[in-house]
Amino acid sequence: MEKATKHFIKTIIENDLKKNTTITTRFPPEPNGYLHIGHAKSICLNFNMAKQFNGNCNLRFDDTNPAKEDQKYIDSIISDIKWLGFNWGDKIFYASDYFDKLYDFAVDLIKKNKAYVCSLSSEDIRKYRGTLTESGKNSPYRERTIKENLDLFSKMKNGDFIDGAHVLRAKIDMKSPNINMRDPVIYRIKKMSHPRTKDKWCIYPMYDFTHCISDSLENITHSLCTLEFEDHRPLYDWFLETLKTLCHPKQIEFARMNLTFTVMSKRKLQKLVNNNYVTSWDDPRLPTIAGLRRRGYTSFAIRNFCETIGVSKKESRIDMELLETLLKDDLNEKAPRAMAVLNPLKIVIENWDKNKIQQLDAFNHPQKKEMGTRKITFSKEIFIEKNDFMEDPPNKFFRLAPKKEIRLKYAYYITCKKVIKDEKTGEIKKLICTYDPKTKGGTSKDKRKVKGTLHWVSANDCINAEVRVYDRLFSMENPETSNSENLKNNFIENINPNSLKIIKNAKLEKSLLNAVPEKVFQFERLGYFCVDSKDSKPDNLIFNRTVPLRDTWAKIKK
RNA sequence: UGGGGCGUCGUCAAGCGGUAAGACACAGGAUUUUGAUUCCUGCAUUCAGAGGUUCGAUUCCUCUCGCCCCAGCCA
């Protein structure tokens with residue numbers, strides 16, 4: 001299991017636990033988009049706190065706005081949380097299940113003279129609200145009688161008015177320095193079918209009213225949310241105090257997660273999807289849970305990451321490299337090794353019999369012998385990686401070059417004898433090499449040093465595949481910043497044009513024919529790869545590059 | 001310029017009056033049939049800044065500076 005780090009919320013809970021016996025948290029997504037890794041932070045926090053302290057965490061959909069929400073998002077969210085490895089018993093909660101109770105609470109508020117029906121247009125409500133520096137002024141409808149308010153609210157519910165004709169507002173303080181307290185709207189008329197309640201309602205409660213009451217009804221003890229709701233806490237508390245609810249949860253805010261080289265808001269992700277900068281919500285370049293999953297990320301790595309980064313109130317942008325390191329840590333343990341050549345260069349072994357084919361043994365994991373071995377085919381013609389050969393190599397180039405001897409992993413030592421080029425273009429067509437028969441398996445009795453070991457694939461016994469080489473979606477650590485003054489905050493211009501390179505004719509060792517989606521392999525010396533769950537077909541294999549291996553050589557070259 | 005937050009290594013992050021944990025990154029070195037992995041070693045005399053209280057302050061007080069959020073009938 002992941003390590004557990006100390007953070008301020010845990011401290012608060014530990015202290016509260018001295019008085020109470022148990023805690024209950026909740027994860028309250030709005031079903032209006034796909035979950036991303038920022039949500040994973042909240043999911044891990046809420047579910048792990050509950051688990052660590054023997055409490056419960058409710059999954060509750062905050063579905064109060066039918067204009068934006070959809071069943072397909074409910075389904076994707078459920079599937080993503082399950083994949084992340086969290087459970088919530090039998091019951092899934094929905095704010096919409098509380099619509100009747102919420103209505104009663106609103107009536108109660110009116111009866112307490114703490115809410116009123118306001119008939120100002122939305123534009124006028126905005127004007128009356130004042131600004132950050134000027135206080136607001138009372139709505140002319142603020143002093144309607146309780147009876148009148150009750151009657152109007154009932155008519156709103158019955159569908160007697162058109163959208164926008166009236167709203168129900170809490171009666172708090174138009175002069176409050178906190179704008180959220182300036183008589184916030186708590187119910188609006190929206191003649192719209194709801195994914196779950198269908199046409200039962202034509203008025204829908206707003207977030208601030210719904211959320212605290214939902215928490216209270218579920219006996220939530222700790223309501224964890226992000227920093228931007230800090231200003232809403234007085235309102236959260238006001239509703240529960242005014243309504244004298246039995247349970248008054250503690251709202252605690254923490255900073256949302258940001259990652260380098262990506263964007264995290266639903267709005268921005270939506271834009272990338274809708275304008276086809278990526279293919280879909282589960283595009284492997286996106287930080288969505290579905291995208292990361294398709295890319296080959298493990299849920300363990302994501303959970304571990306969420307634990308590692310900690311929880312605080314400081315706004316931060318975490319290095320993508322940390323996520324990738326944690327992923328590679330996990331994959332290094334679990335992923336079986338295989339050989340694949342992405343950019344093939346043919347080698348002909350001069351002194352190997354034309355028709356001879358040999359099966360060699362290869363370990364599936366160099367450090368874990370219990371993962372077994374497999375057979376790989378060796379033959380006269382093989383492929384190596386184009387950039388593993390240089391005609392005129394620099395110092396410390398531990399790969400193949402004219403007259404140099406290197407090792408083909410698990411096979412033989414070979415020496416490059418001749419370079420065949422295209423007469424016109426000068427492009428290297430193939431290499432003629434010799435092998436040393438006394439080095440089968442990749443060792444020699446004379447303990448002679450060979451500095452380089454290359455991966456390779458038999459030319460006659462390999463499979464062709466498409467490989468999608470993914471890179472970061474943006475070319476700047478913070479895509480929101482801009483170089484050009486007049487294009488401030490246009491993250492689109494910072495999209496990395498090379499975020500996806502498609503390699504059509506990669507050559508893979510035969511055993512990879514059995515690969516299934518989400519099963520990640522390490523292609524030796526290259527990185528981690530997995531079969532694409534959407535587009536790959538048995539007769540047209542497609543692999544995604546999950547993450548490349550650390551490449552010290554690439555660094556030295558620079 | 002109203003209100004609410006936040007400022008500890010390049011990036012996260014512990015620390016809660018007793019003299020700066022850890023992780024990632026980075027730099028060296030060792031081992032290696034992946035220039036992978038693993039393994040050592042190094043990496044903040046200083047906690048946004050300035051004052052003050054104290055024997056002693058990143059921790060308490062004051063002021064200053066910087067950054068973020070709030071004016072949806074979104075959540």
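Here is how names work: the chains are called A, B, and so on, in the same order as the sequence lines, proteins then strands, and each is numbered from 1. These numbers come from a predicted model, not from an experiment.
Within the nucleic acid shown, A:P234 has no heavy atom closer than 4.0 Å to any nucleic acid atom. In this structure, A:S122 reaches the bases: a heavy-atom distance under 4.0 Å links it to at least one base atom across the strands shown. The residue A:L132 sits close to a base: some heavy atom pair falls under 4.0 Å. Within 4.0 Å of A:V311, counting heavy atoms only, lie sugar-phosphate atoms of the nucleic acid but no base atom. Using a 4.0 Å heavy-atom distance criterion, A:R337 is classed as a base contact. Contact annotation for A:K409: base contact, defined as any heavy-atom pair under 4.0 Å involving a base atom. Within the 4.0 angstrom heavy-atom criterion, no nucleotide atom of any strand lies near A:T260. Using a 4.0 Å heavy-atom criterion, one finds that A:H7 contacts the sugar-phosphate atoms exclusively. Residue contacts shown for A:K328 are absent, as no nucleic acid heavy atom lies under 4.0 Å away. Base engagement by A:R399 is indicated by at least one non-hydrogen atom pair under 4.0 Å involving a base atom. Looking at heavy-atom distances under 4.0 Å, A:N332 makes contact with sugar-phosphate atoms alone, never a base. Counting any heavy atom pair closer than 4.0 Å across all strands shown, A:I125 reaches a base atom. When heavy atoms are screened at a 4.0 angstrom cut-off, A:V185 is found touching the sugar-phosphate backbone but no base atom. A:F523 comes within 4.0 angstrom of nothing in the nucleic acid, heavy atoms only.
The nearest whole Å value for the distance from the CG atom in A:L120 to the P atom in B:C73 is 11 Å. Rounded to whole angstrom, the span from the CG atom of A:N258 across to the P atom of B:A13 amounts to 11 Å. With rounding to whole Å, A:N180 atom CG is found 11 Å from B:G72 atom C1'. Residue A:Y204 contributes atom OH, which lies 14 Å from atom C1' of B:C73 at whole-angstrom precision. Nucleotide B:U8 holds its P atom 12 Å from the CD atom of A:E315, rounded to whole Å. Going from atom CG of A:D183 over to atom P of B:G72 covers 15 Å, rounded to whole Å. At whole-Å resolution of the value, NZ in A:K6 and P in B:A14 are 11 Å apart. One interatomic measurement links the two molecules: CE of A:M264 to P of B:C12, which rounds to 13 Å at whole-angstrom precision.
OP1 or OP2 of B:A75 has at least one side-chain nitrogen or oxygen of A:T64 nearer than 4.0 Å. Distances shown here put every side-chain N or O of A:T308 at or beyond 4.0 Å from the OP1 or OP2 atom of B:C24.
Nucleotides B:A75 and B:G35, compared at atom C1', are 50 Å apart to the nearest Å. Remark: the separation of the C1' atoms in B:C47 and B:U59 is 10 Å, to the nearest Å. Taking atom C1' in both B:U37 and B:U31, the straight-line distance is 11 Å, to the nearest Å. Nucleotides B:G28 and B:C65 place their P atoms 43 Å apart, quoted to the nearest Å. B:C63 sits 48 Å from B:C40 when the C1' atoms are compared, rounded to a whole Å. Here, B:U58 and B:G15 have their C1' atoms 8 Å apart, quoted to the whole Å. A distance of about 11 Å separates the P atoms of B:G42 and B:G22, rounded to the whole Å.
Comparing atom distances between the A:Q522 side chain and each of B:C24, B:U34, B:G72 picks out B:U34 as nearest. Distances from the side chain of A:D329 to the nucleotides B:A75, B:U38, B:U34 place B:U38 closest. Taking every side-chain heavy atom of A:K396 into account, B:G35 is the closest of B:G35, B:A36, B:G2. When distances run from any side-chain atom of A:T552 to the nucleotides B:A23, B:C74, B:A36, the shortest one goes to B:A36. Among the nucleotides B:G72, B:G4, B:A75, the one closest to any side-chain atom of A:R129 is B:G72. When the nucleotides B:G72, B:A75, B:U11 are ranked by their closest atom to the side chain of A:R126, B:G72 comes out on top. For A:M206, taking side-chain heavy atoms from C-beta onward, the closest of the listed nucleotides B:C73, B:U1, B:A14 is B:C73. For A:E230, the listed nucleotide lying nearest its side chain is B:G4; candidates were B:C24, B:A36, B:G4. When distances run from any side-chain atom of A:N65 to the nucleotides B:C74, B:G3, B:G5, the shortest one goes to B:C74. For A:E524, the side-chain atoms get nearest to B:U34 when compared with the rest of B:A25, B:U34, B:A75.
Between A:E14 and A:K6 there is a salt bridge, since a side-chain N of the basic residue sits under 4.0 Å from a carboxylate O of the acidic one. Of the charged side-chain nitrogens involved, none lies within less than 4.0 Å of a carboxylate oxygen, so that A:R26 and A:E218 do not count as a salt-bridged pair. Between A:D163 and A:K191 there is no salt bridge, since no side-chain N of the basic residue sits under 4.0 Å from a carboxylate O of the acidic one. Ion pairing between a basic and an acidic side chain is recognised when a charged N comes within 4.0 Å of a carboxylate O; A:R317 and A:E477 show no such pairing. Checked for salt-bridge contact, A:E253 and A:R233 meet the test: a charged N lies under 4.0 Å from a carboxylate O.
Residue A:D551 places no side-chain atom within donor-acceptor reach of the base of B:G35, judged by atom type and a 3.5 Å distance cut-off alone. With hydrogens and angles left out, the side chain of A:E324 and the base of B:A25 share no donor-acceptor pair within 3.5 Å. Between the base of B:G35 and the side chain of A:R550 there is no donor-acceptor pair shorter than 3.5 Å.
For A:K449, the NZ atom counts as loosely surrounded, since its 6.0 Å shell holds 12 or fewer non-hydrogen atoms of other residues, nucleotides or ligands.
As the counterpart of B:G42, B:C26 is assigned, both hydrogen-bonding distances of the Watson-Crick or G-U wobble pattern falling under 3.5 Å.
Stacking annotation: A:W553 is stacked on the base of B:G35 (ring centroids less than 5.5 angstrom apart, interplanar angle below 30 degrees).
Side-chain atoms of A:Y236 and A:D215 form a donor-acceptor pair, as typed in the model, at a separation below 3.5 Å. Side chain to side chain, A:N178 and A:S176 fail the donor-acceptor criterion of an N or O pair below 3.5 Å.
Taking the syn range as angles within 90° of 0, the glycosidic angle of B:G66 is outside it, so the base is anti.
A:R525 has its side chain out of reach of A:K409: every pair of non-hydrogen atoms, C-beta onward, lies at least 4.5 Å apart.
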